[in-house]
Amino acid sequence: MRRLFGHDVHGPDPWRHLMPDGTFDRNLCRKLIDDYIESEVLLVHGGTVETSFECSKDEAVSLTESMYTSNIVRIADRNLGGRVIIQSIGVGKGSTPSQREA
């Protein structure tokens, strides 16, 4: 999935802080995912084959929380249209196909 993501996400939207009080905020993570990915079935990749999953949005948030401190987490719909990347420092960014084409 890392190769298919290309250079991760593009577009004008800024990085979002997902740890406003020093701990991972699951609601902010879910909002980030919802803003860029419409599908309810997601692909989540945490850096290795062993940390690649197909799951629901709620499961994606839980997986992200468990993996983001040790790996960059990439989240996408099945056709890799909507994409979200979450860095190990607790920031995330997303893009849609139309943002990447611009």
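Every heavy atom of this structure was used, including side-chain atoms; hydrogens, water molecules and symmetry mates were not.
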Check Lys93 against Pro14 and note the closest heavy-atom contact, atom names and distance. CG-O, 4.2 Å
Side-chain donor-acceptor pair present, Ser56, Glu59, cut-off under 3.5 Å: yes
Applying the 4.5 Å side-chain criterion to the ILVMFWY set and letting contacts propagate, would Leu32 and Met19 be lumped into a single cluster? yes
Qualifying residues under ring pair (Phe, Tyr, Trp, His ring centres under 6.0 Å), relative to Phe24, sequence neighbours excluded: Tyr68
Contacts of Glu54 meeting salt bridge (Lys or Arg N to Asp or Glu O under 4.0 Å) (sequence neighbours excluded), chain-then-number -> Arg78
Hey, could you give me the CD1/CG distance between Ile75 and Leu63, rounded to the nearest 0.5 Å? 8.5 Å
Do side-chain atoms of Asn71 reach the backbone of Val73 as a donor and acceptor pair under 3.5 angstrom? no
Can you confirm whether Thr64 sits close enough to Cys29 that some side-chain heavy atom of one is under 4.5 Å from a side-chain heavy atom of the other? yes
Run the side chain to side chain contact (heavy atoms under 4.5 Å, CB included) test on Asp35 and Arg16 for me, step by step, so that the C-alpha distance in whole Å, both residues' side-chain angles and the decisive distance to 0.1 Å come before the verdict. CA-CA 12 Å; Asp35 286 350; Arg16 296 187 198 178; 2.8 Å; yes
In this structure, CZ of Arg83 is separated from OG of Ser95 (nearest 0.5 Å) by 6.0 Å
Trp15 side chain near Gln87 side chain, heavy-atom distance below 4.5 Å: yes
Backbone N/O of Gly82 and side chain of Asp77: donor-acceptor pair under 3.5 Å: yes
Answer yes or no: is there a side-chain heavy-atom contact under 4.5 Å between Met67 and Ile86? no
When you compare the side chains of Ser62 and Arg26, does any donor N or O come within less than 3.5 Å of an acceptor on the partner? yes
Pairing residues for Asp34 by the salt bridge (Lys or Arg N to Asp or Glu O under 4.0 Å) criterion, not counting sequence neighbours: Arg30, Lys57
What distance do Leu80 atom CG and Arg74 atom CZ have between them, rounded to the nearest 0.5 Å? 11.5 Å
Before giving the answer on side chain to side chain contact (heavy atoms under 4.5 Å, CB included), spell out for Val84 and Ile37 the whole-Å C-alpha distance, their side-chain angles and the decisive distance to 0.1 Å. CA-CA 8 Å; Val84 169; Ile37 305 173; 4.1 Å; yes
Flag the pair Cys55 / Val44 as yes when at least one side-chain heavy-atom distance between them is below 4.5 Å, and no otherwise. yes
Less than 4.5 Å apart, side chain to side chain, heavy atoms only: is that true for Leu42 and Ile33? yes
So, do Ile72 and Ser88 sit near enough that their side-chain heavy atoms are less than 4.5 Å apart? no
